[in-house]
Colleague: 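Here it is: the structure, laid out below.
A note on names: the letters A, B, ... follow the listed sequences, proteins ahead of strands, and every chain is numbered from 1.
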Amino acid sequence: MGHEVTLVWRDGREATIEVANGESVIDATEREGLGVPFGCLYGACGTCTGRLIEGDLVHVERPRGLKPSHRNEGYVLLCVAEPRSDCRVEVGATVQADLVPNPWK
Amino acid sequence: MSTDEPSKTSEHHGHEHHEVEGPGYPTPAAMRTESEREKTAFVMGLRVGMDVDEPDFVGVVDVDPESETYAELIDTIEMPNKGDELHHFGWNSCSSSCHAEGLMRDHLIVPGQRSSRIHVIDASDPRDASIEKVIEPEEVFEHDLSAPHTVHCVPGGKIVISMLGNADGELPGGFLQLDQDDFSIDGHWEVDRGDMEMNYDYWYQPRHGVMLSTEWAAPETYYPGFDLDDVEAGKYGDSIHVWDWETKEHQQTLTFGEEGLIPLEIRMPHNPEETEGYVGAALSSNIIRFWEGDGGHWEWETVIDVEDREHPDWDMPVPGLVTDTLLSLDDQYLFFSNWLHGDVRMYDVSDTGNPRLVDQCWVGGNFGDRQEVAGHEVRGAPQMLQLSRDGRRLYWTTSLFSSWDNQFYPDIGEEGSLMMKADVYPEEGRMELDEDFVVDFGDAPGGPARAHEIRWPGGDCTSDVWQ
Ligand code: FES
C-alpha cells in the first residue's frame, strides 16, 4: 500500500495519484503521464522541485540541489522523495524558479 | 563534403595535395571557400524546466532561402526520454580526421546535460535523421562521470566529451572517450587530471600537441540556478587548464581570479599553426587571450572588458554575461554574446592582442530597445552563436540553460525561445539584423521549446579542428 499524493499547480489544476511504497513521486507522476518537470533524477539539479503543503514526504537520497534554507521552507526534490503519509505538494516549473531569484534584481 | 546533401563516400575536396579522402576539409580556407551555403541547421530544442510534457528534440531548421519552408522548423528528432536538457553536441568526425579514409561526418553525438544520457543520431541524410544508439546514464556513471558537455571528434578514431561532474554531480569531472566505430565507451580520456577540479569546454590544436579546457562549476552547483553566494564560496571556476594532447596529462593551470570568473567557451584559431586563443569569462564579462610563451609555458591577458551596466529597476550593476564566443573560419572576426545585456558583438582580431570592436547588434535582453523581430517578441537575448562557413551569416538562439533562463528570462520557460540571424559583411566589418528571419520555438510541435546550440551538416566554425 502506498499513499495518496495530491499535486497542486499554480494555475489551480489538481491531480491525486497513488504513490506506491518505494516509489518516488516523480516515478508516479510519470506513470500517470502528469508531466511534472524533472532532469537528473538523482537529487542534484532541482528541476523536479516541489513544495510540501501537507503531509510527510522524505528524501531517500540527499537532495543536493536544495540549500538548507530551501528545505526549511518546505521545498522538496520529488525525484528522490517518497511519501510516508498522504500529502499535498505544489508542483510545476515555476516552483523551481522560486529557489534562486535573479541576484541583480 | 561541401553541402548538407546526404553524405557519400566518394565526395571530392578538389585538392591535389591530399591523397586520402576523409570527412572534412583539408584546410579552414577550403571549408570557407569551397563549401556551399548552409541549407539545414540542426538546433537543440529543450523542454526541461517547462510545464511541457514532452522530451527534448534535435530540431531541423530550413535555412535555404530558396526553399518553401525557409526559416521553419521542418522536423524534430525527439529523444526517447524526458528531462535530458540537451545542451551542446558534436560530430562523430570532423576536419581533424580529414585524412582518415572511410570515415564520414554522418553521426551527431547528442548528450543530455542533466540526464547524463548520450544519444547517437544517424544524420547521414540531414532531413531524415534518426536515433541510432543511446548510452544510458548508468553506463556513464560507471566511469564516475556525469553532465556531458563539449563533444569533439579527435584523431585516432575517437570522440572525446568533457564531463562536468563525477557520478554524483560533484567535482571534479573529467573527459569521457567514445569509440568512433561503435560508439562504445572506452573510459576516461585523461591519464592524469593534475589539479583540474572543474570542467566545461575544451579545444585542441593537434599540430602543437595541446588541449585547453575551461571551468564552469560542479553540476550540483550550477544545475539549480545561479547564486552569487556560490560565487563567493569559490564554487565557480576562474581558471583554464593546459593539457598534453599526446600524453593526456595535465600540464599547467592559468588562474585568472576576478578577471576571469566562469570561463566558458574556448576558441583557438582554425589555422592549426596558431598557439593562442580566446576564452569568454561569463561572469567577469571579459575576453581573455592566452598564448604559448617561451619554453612551452602559457600566458594570458584580458583583451576585452565588457562594462557592467546600471539597470534602472535592478539593485546592482549588471554584467554582460559573455556566454558564447566564436571565431570566423578565416580567424579574422571574433563574435560573442552578452546574454544579460542583449547584444552580440563583432571584433576584428587580425591583430590578435588588440581586438577592435567593429559592430554590435542589439536585440532582446534587459537593455536593448528592440524587443520584437518580425512580430515575434524576443524572449531572452543572443546566446549560442553559429556563423556560416563563408562568414556571411551569423545565427543565434536565445536560451542559455533551463534553470538560468527561468531566473533571468522566465518568459522562455513559458513560451519558448527564438532563433535569429544577422547578415555579416566581412569586407566592411559590419553586420545587420535580418528582420525577416525568425524561428519561433514557441510554436514547436508538442509545445514551446528552448532553442540552444546550432550546427551545420558539413561542419562549422565551432566543431571543426584541423590537424
Ligand atoms: S530531477 Fe534533478 S533533482 Fe530531481
Colleague: Could you list which of residues 69-85 of chain A have a heavy atom closer than 4.5 Å to any heavy atom of chain B, in residue-number order?
Modeller: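 Against chain B, none of the residues of residues 69-85 of chain A fall inside the cut-off of heavy atoms under 4.5 Å.
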
Colleague: Roughly how far, to the nearest 0.5 Å, is CZ of F38(A) from CG of D84(B)?
Modeller: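 D84(B) CG to F38(A) CZ: 8.5 Å, rounded to 0.5 Å.
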
Colleague: Counting heavy-atom pairs under 4.5 Å to chain A, which of D229(B), D405(B), T221(B), D168(B) comes out on top?
Modeller: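 Of the candidates given, the most pairs with chain A belong to D168(B).
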
Colleague: Measuring heavy-atom distances to chain A, does Y222(B) have an atom under 4.5 Å in its side chain, in its backbone, in both, or in neither?
Modeller: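 The answer is neither part of Y222(B).
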
Colleague: Spell out, as yes or no, whether a donor-acceptor pair under 3.5 Å connects the side chain of D51(B) to the backbone of G92(A).
Modeller: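 No.
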
Colleague: What residues of residues 138-150 of chain B make heavy-atom contacts with chain A at a cutoff under 4.5 angstrom?
Modeller: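 At a heavy-atom separation under 4.5 Å, chain A is reached by F141(B), S146(B).
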
Colleague: Which one of G65(A), C48(A), G39(A) has the most heavy-atom pairs closer than 4.5 Å to chain B?
Modeller: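 Sorted descending by pairs with chain B, the first entry is G39(A).
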
Colleague: Does CG in N21(A) sit with more than 12 non-hydrogen atoms of other residues, nucleotides or ligands closer than 6.0 Å?
Modeller: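 Atom CG in N21(A) is packed in, count exceeds 12.
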
Colleague: How close do Y42(A) and G169(B) get, counting heavy atoms only, and between which atoms?
Modeller: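 Nearest pair, atom of Y42(A) first, then G169(B): OH-N, 3.5 Å.
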
Colleague: In Å, rounded to the nearest 0.5 Å, how long is the span from NZ of K82(B) to CG of L41(A)?
Modeller: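 It is 11.0 Å, given to the nearest 0.5 Å.
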
Colleague: Evaluate whether atom CD of E258(B) has more than 12 neighbouring non-hydrogen atoms of other residues, nucleotides or ligands under 6.0 angstrom away.
Modeller: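 At most 12 heavy atoms, drawn from other residues, nucleotides or ligands, come within 6.0 Å of this atom.
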
Colleague: Less than 4.5 Å apart, side chain to side chain, heavy atoms only: is that true for E414(B) and T94(A)?
Modeller: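 Yes, side chains in contact.
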
Colleague: Counting only non-hydrogen atoms closer than 4.5 Å, does P317(B) touch chain A with its backbone (N, CA, C, O), its side chain (CB onward), both, or neither?
Modeller: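 Just the backbone, heavy atoms under 4.5 Å.
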
Colleague: Please classify the contact between L34(A) and chain B as side chain, backbone, both or neither, with a heavy-atom cut-off of under 4.5 Å.
Modeller: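 Just the backbone, heavy atoms under 4.5 Å.
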
Colleague: With respect to chain A, which residue among E170(B), H311(B), R117(B), E54(B) yields the maximal number of heavy-atom pairs within a distance under 4.5 Å?
Modeller: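 Ranked by contacts with chain A, first place is E170(B).
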
Colleague: T47(A) versus E85(B): any side-chain heavy-atom pair under 4.5 Å?
Modeller: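 Heavy-atom side-chain distance check fails, nothing below 4.5 Å.
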
Colleague: Counting distance only, does the side-chain N/O of Q96(A) pair as donor-acceptor with the main-chain N or O of P224(B) below 3.5 Å?
Modeller: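 At least one qualifying donor-acceptor pair exists.
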
Colleague: Tell me the residues of residues 97-105 of chain A whose non-hydrogen atoms fall below 4.5 Å from those of chain B, in number order.
Modeller: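 Residues A97(A), V100(A), P101(A), N102(A), P103(A), W104(A), K105(A) are the ones that qualify, each having a heavy atom under 4.5 Å from chain B.
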
Colleague: What residue, out of G46(A), C45(A), G35(A), has the most heavy-atom pairs lying under 4.5 Å from chain B?
Modeller: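 Maximum pair count with chain B is reached by C45(A).
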
Colleague: Among residues 56-63 of chain A, which residues come closer than 4.5 Å to chain B, judged by heavy atom distances?
Modeller: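 When heavy atoms of chain B are the reference, residues 56-63 of chain A contributes R62(A) within the under-4.5 Å range.
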
